[in-house]
Amino acid sequence: MNRNQIEGNWKQLKGKVKQQWGKLTDDQLDVIEGKRDELAGKIQEAYGCSQEEAEKQIANWEKVQKDFNRH
């Protein structure tokens, strides 16, 4: 899954993002609109982690989504 896939499928992925990062509100997710850098920033704010950690979490989540979609 790449940046364009996240932005293009945001409405479908929004629920999965909410499951993964439950502290993010619907309003925050609407503002993000699939922008990966915005998602990383909101994860940082909500969970008090570094940008590197937020990016790592997103990368791991993307990998899981990609693997899930293969099956």
Side-chain angles (χ1 to χ4, degrees):
M1 179 172 300
N2 64 37
R3 184 179 305 255
N4 291 333
Q5 289 172 308
I6 291 174
E7 290 179 21
N9 296 321
W10 184 245
K11 289 184 185 201
Q12 295 170 0
L13 292 172
K14 188 173 154 182
K16 292 180 180 184
V17 169
K18 182 93 174 173
Q19 287 176 338
Q20 179 70 31
W21 296 285
K23 289 183 180 180
L24 300 180
T25 66
D26 287 332
D27 288 342
Q28 288 173 314
L29 295 175
D30 288 342
V31 169
I32 291 168
E33 293 182 349
K35 296 178 188 95
R36 195 176 191 280
D37 55 338
E38 292 284 330
L39 177 58
K42 295 299 181 188
I43 291 169
Q44 275 183 270
E45 289 174 17
Y47 290 90
C49 63
S50 67
Q51 179 160 351
E52 294 81 19
E53 177 59 29
E55 292 288 343
K56 182 179 174 182
Q57 288 181 24
I58 294 170
N60 288 336
W61 178 81
E62 288 171 331
K63 183 180 183 318
V64 168
Q65 297 308 307
K66 184 178 178 181
D67 291 346
F68 180 76
N69 288 330
R70 283 187 189 168
H71 299 290

TODO: Evaluate the side-chain proximity of Gln51 to Glu55: yes if any heavy-atom separation is below 4.5 Å, no if none is.
DONE: yes
Task: Under the salt bridge (charged side-chain N to carboxylate O under 4.0 Å, His left out) test, residues paired with Glu38 that sit two or more places apart - done: none
Open item on the list: Under the criterion salt bridge (Lys or Arg N to Asp or Glu O under 4.0 Å), I'd like the reasoning laid out for Lys14 against Asp30: C-alpha separation, chi angles, the key distance, then a yes or no.
Closed with: CA-CA 9 Å; Lys14 188 173 154 182; Asp30 288 342; 2.3 Å; yes
Task: Any donor-acceptor N/O pair, Tyr47 side chain to Lys23 backbone, under 3.5 Å - done: yes
Task: Between CG on residue Asp37 and NZ on residue Lys42, distance to nearest 0.5 Å - done: 11.5 Å
Open item on the list: Between Trp10 and Leu29 (side chain of the first, backbone of the second, donor and acceptor by atom type, cut-off under 3.5 Å), is there such a pair?
Closed with: yes
- [ ] Please check if Ile43 and Val31 belong to a single hydrophobic cluster, counting links between Ile, Leu, Val, Met, Phe, Trp and Tyr side chain heavy atoms closer than 4.5 Å.
- [x] no
Task: Shortest non-hydrogen contact between Ala59 and Arg36, atoms and distance - done: N-NH2, 3.6 Å
- [ ] Answer yes or no: is there a donor N or O on one side and an acceptor on the other, between the side chain of Glu53 and the main chain of Ser50, under 3.5 Å?
- [x] no
- [ ] Can you see which heavy atom on Trp21 is nearest to which on Gln57, and at what distance?
- [x] NE1-OE1, 2.8 Å
Task: Closest non-hydrogen atom pair between Leu24 and Lys18, with its separation - done: O-NZ, 3.0 Å
Open item on the list: Nearest 0.5 angstrom please: Leu13 CG to Glu62 CD, how far?
Closed with: 9.5 Å
TODO: Considering non-hydrogen atoms only, spot the tightest contact between Ala54 and Ala40 and give its length.
DONE: CB-O, 3.6 Å
